[in-house]
Amino acid sequence: MSGNDARLNAVEAVINYKPISEPLSFADTPTNEVFAENVFTTGAMKRCLPKPVYKSLMATITQGKRLDTSTADIVAAAMKDWAIEKGATHYAHVFYPLTGLTAQKYDSFLMPNGDGSAIAEFSGDQLIQGEPDGSSFPTGGIRPTFEARGYTAWDVTSPAYILENPNGTTLCIPTAFVSWTGEALDKKTPVLRSMKALNEQAQRVLKLFGDDGEMVAPTAGAEQEYFLIDQHFFMARPDLLTAGRTLFGAKPPKGQEFDDHYFGAIPERVLACMLETERELFKLGVPVKTRHNEVAPSQFEIAPVHENANVATDHQQLVMLMLKQVAEKYGLSCITHEKPFAGVNGSGKHLNYSFGNAKAGNLLEPGDTPHENKRFLVFCAAVIRAVDKYAPLLRAAIASAGNDHRLGANEAPPAIISIFLGDQLTDVFEQIKAGGAKSSKPSGILNLGVDTLPPLPRHSGDRNRTSPLAFTGNKFEFRAVASNQSIAAPLMALNTIIAESLDTIATRLEGAADLATAIQAVLKGIMAEHGRIIFNGDGYSQAWHKEAEFERGLPNLRTSADALPHLADEEAIDLFAKYNVLSRREVLSRLKVKLGQYVNAVQVEARLTLRMGRTMIYPAAVRYQTELATAAVSLKQAGVMADTAVLSKVSACIKELDDSLNALESLLMHEADDLTAETRFMCDKALPAMTAVRAHADTLETMVADDLWPLPTYQEMLFIK
């Protein structure tokens, strides 16, 4: 039996793939009829609830009014009846613990009634509050194992929905997750708190312009990048299966250098998977809009229309869930790791962000003459100030072991946080800095030189894919967010730091004798102190790294080990406490969880590297070495002079591989005094040791006979569909 039976069987299975189910018929039910059919929408509430109850709920959802819990029994009964009509037998409180994943606690509607039968029951108490274990999730020390009580609390602002399964359906109720002491154990609670803080401070600024009244809410839309490869390849790669990324793999003869995959024709099998994924998301009210091939082979993207930031956060979790579930139906594995394949682009989750309300509109909309739009300039300046002042916090919010492999590479923004404004807005703010804005550069029209092609209105600024935070017309795109993370942490950070900036600006402007003069002074001061954060050039260039770090004084936090400790900066702790987003204990608990997740991720990868290196790659290399040595002896016995150069190279590389594996193993015996030190050790010692093992293994892959190599190769995984 050859050493690569699993690999060859995987290749054969992929080549012979046939769909396991009949194609969907999209003509039977138009998409607009499918959309949100499994969501307890405001429309469904209006139909099912008494008018006073409906109005009370809508006041909570749209105006942030306190939830009237006295109506809970009525809402629960209506929600239960609606769900049972759709086949639901159970309900689940859905929450988002600090694992970054989605958690669910299921309960049946059925209750025995004492006469041997059962009835469907769902009370207001059951709707409002659940009780999952509060200690078995990461808590950062807030809840030790012997203190297990935790609560889920109904979030009325994120609609309940039905999750389908071939054997039944479940009513899913989005909830917050807190400890017995009321401390947040989840991602949702701080997002909601930060949204409240942003609204309160934005209202103060809007009042100065006569636009106050309606609740200001942040909106978000996250572009999700991901890879799809055949399940047979995925299962034959222990590193992908366990760590989500390949720890070994030589560069294929062809990668992405032709740029022929980007926006290319989507393979039929992949397109079928995408269509069904979108269909399932439409049912859940997730407004996915865009699909396309991404830059790397086998890499794709799905993007939604922007919506309320809290709902967008919940929907993002559903997007990742559905991508993985539906992919399995098509014999594919969806990979959302930030860098599953070395040498080709990794994946991000570009977070598009703005804020506003129905009355004032989008507060980051510059209009045709932004130099005259003082309200826009104030809110945009608040973002500029916030990002510069709290750049380390933003970097920490997107830090992870996976994202470290992507940030700063050729497909991702650098770890240096900066803002791209574009030519028009940069010019306006430079005028402000110099004394006052008098004009806005016109956007202009593009004439294409062909009469049959229409003239195109040009945007006020180009796009900059190297910028971590780019202004893209009427919103900011936070491009450094990791593809595998919840968008909750970066949203919480953005909401809170902007709230602090708006607070500062409002305090300076309130009571001013001449508002226009005061606004000019505030804007000029912000540009003088924080304008260094604006950079419209090439973020990949070494010149920028030098300028940013040594001339502008911008922090360059290259790794998670550099960035994560800034979560515990006194400035960050005071910020979150001031706006009631996180207490000191909650901040420190999150730091502990993030450090632990980093250490665990690298340790798992290191153990995998050691095991795969010793049980798969080393044996394959030794078999080939033996074949070469046996052939050399046979030739010598036959009187033929054998060329042993290849044997010598292979033998030397095997020795280097063995030495590097031994070095890695000795490092894994290390014990640090605390999590911060362990994180530093994993970053500075373990990862380089793993890289050394990989270098020798990947060299062997290019020399060992193909029929002996045990792992599916990059060429096979990325190009055979």
Side-chain angles (χ1 to χ4, degrees), residues 92-105 130 132-143 150-159 172-179 182-198 217-222 224 286 307-321 336 349 351 353 393-394 396-400 402-403 478 481-497 560 564 567 572 576 579-583 585-598:
H93 274 200
V94 178
F95 55 103
Y96 310 95
L98 298 182
T99 58
L101 302 175
T102 301
Q104 301 164 340
K105 182 177 183 290
D133 194 320
S135 67
S136 296
F137 293 100
T139 69
I142 282 182
R143 301 299 288 166
Y151 299 119
T152 50
W154 175 37
D155 174 18
V156 69
T157 65
S158 186
C172 294
I173 303 159
T175 63
F177 179 42
V178 298
S179 72
E183 292 164 302
L185 299 177
D186 67 339
K187 302 278 188 177
K188 176 184 280 287
T189 303
V191 170
L192 291 171
R193 292 172 180 170
S194 70
M195 290 172 66
K196 180 181 178 183
L198 179 67
T219 60
Q224 176 72 59
V286 183
E307 50 188 342
N308 175 283
N310 176 45
V311 177
T313 304
D314 292 356
H315 280 174
Q316 239 299 303
Q317 298 297 108
L318 282 173
V319 167
M320 291 194 289
L321 177 68
T336 54
K349 191 177 313 207
L351 177 59
Y353 174 87
L393 178 59
L394 281 180
I398 48 91
S400 68
N403 214 17
F478 195 5
V481 178
S483 61
N484 208 29
Q485 76 170 117
S486 164
I487 62 174
L491 276 175
M492 173 193 69
L494 284 169
N495 290 339
T496 311
I497 65 176
S560 292
L564 285 174
L567 286 173
F576 288 126
Y579 297 99
N580 299 313
V581 175
L582 293 170
S583 68
R585 213 162 88 105
E586 287 171 327
V587 171
L588 295 179
S589 74
R590 275 155 173 74
L591 172 60
K592 188 173 181 180
V593 169
K594 294 273 280 184
L595 292 172
Q597 288 172 334
Y598 181 92

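Positions are given from 1 along the sequence. Everything quoted here is computed from the prediction, not taken from an experiment.
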Which distance, rounded to the nearest 0.5 Å, do you find between the OG1 of T139 and the CZ of R590? 10.0 Å
Rounded at 0.5 Å granularity, tell me how far CG in N484 sits from CD in Q224. 8.0 Å
Look up atom OG1 in T157 and atom CG in N310, then write down how far apart they are to the nearest 0.5 Å. 4.0 Å
Flag the pair V156 / W154 as yes when at least one side-chain heavy-atom distance between them is below 4.5 Å, and no otherwise. yes
State whether the side chain of N308 and the backbone N or O of A217 hold a donor-acceptor pair below 3.5 Å, judged by distance alone. no
Tell me whether T175 contacts the main-chain N or O of V94 through its side chain, where contact means a donor paired with an acceptor under 3.5 Å. yes
Heavy-atom side-chain proximity of T99 to V593 below 4.5 angstrom: no
For the pair K594 (side chain) and S560 (backbone), establish whether a donor and an acceptor sit closer than 3.5 Å, ignoring hydrogens and angles. no
Kindly write out the residues that satisfy salt bridge (Lys or Arg N to Asp or Glu O under 4.0 Å) with D314, not counting sequence neighbours, or none if the list is empty. K188
Would you sort out whether I398 and F478 count as a side-chain contact (heavy atoms from CB on, under 4.5 Å), showing the intermediate values? CA-CA 10 Å; I398 48 91; F478 195 5; 4.1 Å; yes
Give the minimum heavy-atom separation between N580 and R193, together with the two atoms involved. O-CD, 3.3 Å
Donor-acceptor contact present, side-chain N403 to main-chain A399, <3.5 Å: no
Looking at every non-hydrogen atom in both residues, tell me the closest pair between S486 and T313 and how far apart they are. OG-CG2, 4.0 Å
To check you understand the geometry: which heavy-atom pair defines the closest contact between V587 and L567, and what is its length? CG1-O, 3.2 Å
Judged by modelled atom types alone, do K349 and Q316 share a side-chain donor-acceptor pair under 3.5 Å? yes
Taking the side chain as everything from C-beta on, heavy atoms only, tell me whether V311 gets closer than 4.5 Å to P159. yes
For the atom pair CG (L185) and CD1 (I142), what is the distance rounded to the nearest 0.5 Å? 6.0 Å
Between L564 and A396, what is the shortest heavy-atom contact and its length? CD2-O, 3.9 Å
So how far is it from L98 CG to K592 NZ, rounded to the nearest 0.5 Å? 12.5 Å
Looking only at heavy atoms, what is the nearest atom pair of R585 and G141, with distance? NH1-O, 4.5 Å
For E183 and L582, indicate whether the former's side chain and the latter's backbone hold a donor-acceptor pair under 3.5 Å. no
For the residue pair T219 and Y353, establish whether any side-chain heavy-atom pair is separated by less than 4.5 Å. no
Closest approach of S483 to M320 (non-hydrogen atoms, all atoms of both residues): O-SD, 3.9 Å
With rounding to the nearest 0.5 angstrom, report the CG to NE2 distance, L321 to H315. 12.5 Å
Is the backbone of T496 close enough, under 3.5 Å, to the side chain of S194 for a donor and an acceptor to pair up by distance? no
If we ignore angles and hydrogens, is there a donor and acceptor under 3.5 Å between the side chains of T189 and D186? yes
Any L393 side-chain heavy atom under 4.5 Å of F576 side chain: yes
Which label fits F95 and F137: parallel for a plane angle under 30°, tilted from 30 to 60°, or perpendicular past 60°? perpendicular
